Amino acid sequence: MPMSSKEVADLYAKHLTGNYGRAPLNIVRGAGSHVWDAEGRKYLDLLPGIGVNGLGHCPPRVVEALRKQLGEILHIHNNYMWESQALLAKELTAKTTGIDAPRAFFCNSGSEATEVSLKIARLWGKQHGGKWKFITLLDGFHGRTYGAISATGQPGLQKDIEPLLPGFTYVPINDAAALEKAFDAETVAFVAEPVQGEGGINSCTREYLQAARAICDKHGALLLYDEVQCGMGRTGDYFAYQTLGAPAPDVLWLAKALGGGFPIGGMIAKGSVAECLVPGTHGSTFGGNHLACVAARAVIATIDADKLLPRAKTAGARLRSGLRALQERFPKKVKAARGVGLMAALELTIPAADVVARCREAGLLINGTHQTVLRFLPAMTISDAEIDEGLAILGKVLGEV
Ligand SMILES: Cc1ncc(COP(=O)(O)O)c(C=O)c1O
């Protein structure tokens, strides 16, 4: 018998730090787009793992690959080699387009993937006239470690932990003139999420990223994409820059959905930048170990075998049209419906927190970001019926608040 949700909540209150706004549910099981709590209550999860469970909970190929690996070897450090890491690098880099001679590095999380990407840019900058400064987007999010939070253009997340890493300037999204103005002779890279996740599902336009590519080239700087939330199929292509028809970056990084629920982050850099990572410049004890790599390979195999990229597009279109219908139904409470593929948002005129809590009580899991934005990152395996069920619950809740 699992402990009750109340018993677990009491233990959390006594023994864990309070840095998450946690719902008092002891989640004991997950399958596809559903999870169950200790009381046996079933929830429809339209935000599985905030983008981690891109194939839903417990995707069979990933579970099977991990089970098999558990009987062989769990971990060996990165001073040796193993087949799954080599094959994962080969398979993942093959999914990029327009990145010359790409090479991969593996770590354990999105923040770590941001860190290695910032470091590789500065290593490259040292060899290119001592460039070291970054330009990133306001409302972007790149993680919680010091480099990553310094790159994150959200003063509210930075103010109590200053001083930050020096050398970061923030510019508004989709404003090429502001970007050009922010460059100077020491700028080493411009960093963007092609589709911002934590910022409230704001997409860069193709034209903006085209302009960014041209500005970076003109100034001899690198273009960096953080695809931690928007990558790995979520937008209907392996990478969001492909869905947007935007130019390829020099460096991109990902995490979240890469391991299908198992922690892994990765960075892919074009060959001439990747060669800056020589022995002694960077490392990660756990990064890309056997378990992480077999899980990620199973994710790629599932996306390809089950044709989940086109499915993400059709499922995303259904979700967006349902959200637009809710906007029409509740014009006083809903300001906007937007999204790309299976990244969607409903911007409210009222606080999101109350709607999120009521949805949970009604059996639907979503979250709020930026105070008034409801965020949806459903699994690529979600069915039409599950999307409709989620929209129906949300419609009922919006009618009541
Ligand atoms: C775009 C982006 N970058 C980086 C991160 C940080 O990832 P992690 O929480 O795995 O460190 C996140 C997490 O939400 C993210 O959305």
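We count ligands from 1, going down the list as the structure has it; atoms in each ligand are counted the same way. Keep in mind that this is a model prediction, so the values were computed, not measured. We use all heavy atoms of the structure for the numbers below, so side chains are in, but hydrogens, waters and symmetry mates are not.
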* To do: Step by step, work out the side-chain hydrogen bond (donor to acceptor under 3.5 Å, both in side chains) result for S272 and D100.
  => CA-CA 8 Å; S272 59; D100 188 36; over 6 Å; no
* Take T152 and Q158, measure what side-chain hydrogen bond (donor to acceptor under 3.5 Å, both in side chains) needs, and give me the verdict at the end. => CA-CA 8 Å; T152 291; Q158 299 170 324; 5.9 Å; no
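Contacts of E198 with ligand 1, taken as heavy-atom pairs under 4.0 Å, involve the side chain alone. When non-hydrogen atoms are compared, ligand 1 lies under 4.0 Å from the side chain of E193 (C-beta onward) but not from its backbone. Using a 4.0 Å cut-off between heavy atoms, A255 makes no contact with ligand 1 at all.
Atom CZ of R103 is surrounded by 12 or fewer heavy atoms from other residues, nucleotides or ligands within 6.0 Å. Enclosure of atom CD in E7 by more than 12 non-hydrogen atoms of other residues, nucleotides or ligands within 6.0 angstrom is indicated. Counting heavy-atom neighbours within 6.0 Å of E39 CD, excluding the residue itself, gives a total above 12. Remark: D306 CG is packed, more than 12 non-hydrogen atoms of other residues, nucleotides or ligands lying under 6.0 Å away.
W82 and C293 get closest at one heavy-atom pair: NE1-SG, 4.3 Å. Considering every non-hydrogen atom in both M343 and I201, the closest pair reads O-CG2, 3.7 Å.
Near S111, meaning under 4.0 Å from one of its heavy atoms, ligand 1 places the atoms 6 (C), 7 (O), 8 (P), 11 (O). Of all the atoms in ligand 1, the ones that sit under 4.0 Å from a non-hydrogen atom of S109 are 10 (O), 11 (O). Near K256, meaning under 4.0 Å from any of its heavy atoms, are these atoms of ligand 1: 13 (C), 14 (O), 16 (O).
Checking only distances, E112 never comes within under 3.5 Å of ligand 1, N or O to N or O. Taking distance alone, with nitrogen or oxygen atoms compared against 3.5 Å, D226 approaches ligand 1 more closely than that limit. Geometrically, ligand 1 and G110 share a nitrogen or oxygen pair separated by less than 3.5 Å.
Of the listed options Q196, E227, Q229, Q229 places a heavy atom closest to atom 16 (O) of ligand 1.
Here the heavy atom of the protein found nearest to atom 5 (C) of ligand 1 is V228 CG1, 3.8 Å. The nearest protein atom to atom 2 (C) of ligand 1, hydrogens excluded, is given as F141 O, 3.3 Å; this is a heavy-atom distance.
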